[in-house]
Amino acid sequence: MAPVRESRRLTAEQFAALAAEPGTVVLDARSADKFQMRHIRGAVSLPFTDFTAETLAQVLPRKDTRVLIYCNNNFLGDQRAFAGKAAPASLNISTYIALATYGYTNIYELGPLLNVANTTIPFDGNATE
């Protein structure tokens with residue numbers, strides 16, 4: 001699964017372009033409180049701990065829905081909303097594997113580490129940093 005996952009890592013520009021396409025779901029699998037603090041504009045919150053076949057089907061209408069994922073390790077500059085984790089413990093890894101295990105086939109992830117202060121990816125939330 002690692003080679004497939006590596007081939008589906010996107011630049012910020014690629015991520016933003018695909019996120020704007022109809023039918024694409026940007027999925028935030030972080031905790032609900034972190035999502036409330038700051039999340040990519042338009043993202044849908046489904047905490048990883050709540051993944052079941054039923055909850056995923058509510059958010060992702062088809063197994064071939066294009067799903068874009070990101071995690072804490074993609075962002076610097078807001079340690080409260082995006083607390084860094086050890087690279088092997090990145091939520092993107094667990095999220096990608098879980099989605100693939102549930103049969104989702106069109107999964108992409110944000111690849112680079114971006115600063116929330118100067119990335120072109122827009123955010124929503126109640127963060128004050």
Would you please classify the geometry between the His39 ring and the Phe35 ring as parallel, tilted or perpendicular, with 30° and 60° separating the classes? parallel
How about Tyr104 and Tyr96: are their ring centres within less than 6.0 Å of each other? no
Can you see which heavy atom on Arg30 is nearest to which on Ala81, and at what distance? NH1-O, 2.6 Å
Looking at OG of Ser31 and CD of Gln36, how far apart are the two atoms once the value is rounded to the nearest 0.5 Å? 10.0 Å
Under the side-chain contact (heavy atoms from CB on, under 4.5 Å) test, which residues partner Val59, sequence neighbours left out? Val25, Leu27, Val44, Leu46
Taking the side chain as every heavy atom from C-beta outward, state whether Lys63 and Thr65 have any atom pair closer than 4.5 Å. no
What distance do Asp28 atom CG and Arg38 atom CZ have between them, rounded to the nearest 0.5 Å? 12.5 Å
Looking at every heavy atom in both Phe82 and Cys71, which two are closest together, and how far apart are they? CD2-O, 4.3 Å
Once you round to the nearest 0.5 Å, how far does CZ of Phe15 lie from OG1 of Thr120? 11.5 Å
Does some side-chain heavy atom of Asn115 sit less than 4.5 Å from a side-chain heavy atom of Thr119? no
Between the CD1 atom in Ile107 and the CG atom in Asp64, the distance rounded to the nearest 0.5 Å is 11.5 Å
Applying salt bridge (charged side-chain N to carboxylate O under 4.0 Å, His left out) as the test, list every pair that has at least one member in residues 94-118; sequence neighbours left out. Arg5-Glu109, Arg9-Glu109
Which atom names give the shortest non-hydrogen contact between Thr55 and Asp50, and what distance separates them? OG1-O, 2.7 Å
What heavy-atom pair brings Ala98 and Phe48 nearest, and what distance separates the two atoms? CB-CE1, 3.6 Å
For Gln14, the side-chain contact (heavy atoms from CB on, under 4.5 Å) test, sequence neighbours excluded, returns Leu10, Thr11
Taking it one step at a time, do Asp78 and Phe123 satisfy side chain to side chain contact (heavy atoms under 4.5 Å, CB included)? CA-CA 12 Å; Asp78 186 347; Phe123 295 101; over 6 Å; no
Members besides Leu113 in its Ile/Leu/Val/Met/Phe/Trp/Tyr cluster (side-chain heavy atoms under 4.5 Å): Leu76
Would you check if the side chain of Lys34 reaches a backbone N or O of Ala83 as a donor-acceptor pair within less than 3.5 Å? no
First locate atom OG1 of Thr105, then atom CZ of Arg62, and finally report the distance between them rounded to the nearest 0.5 Å. 9.5 Å
Nearest heavy-atom neighbours spanning Ala12 and Leu110: CA-CD1, 3.9 Å
Side-chain donor-acceptor contact under 3.5 Å, Tyr70 with Asn92: no
Ala17: which residues meet the side-chain contact (heavy atoms from CB on, under 4.5 Å) condition with it, sequence neighbours left out? none
What are the two closest non-hydrogen atoms of Ala19 and Val26, and how far apart are they? CB-CG2, 3.7 Å
Pairs in or reaching into residues 39-48: which pass salt bridge (charged side-chain N to carboxylate O under 4.0 Å, His left out), with residues at least two apart or in two chains? Arg41-Asp124
Charged tip of Arg8 within 45° of Tyr108 ring normal and under 6.0 Å: yes
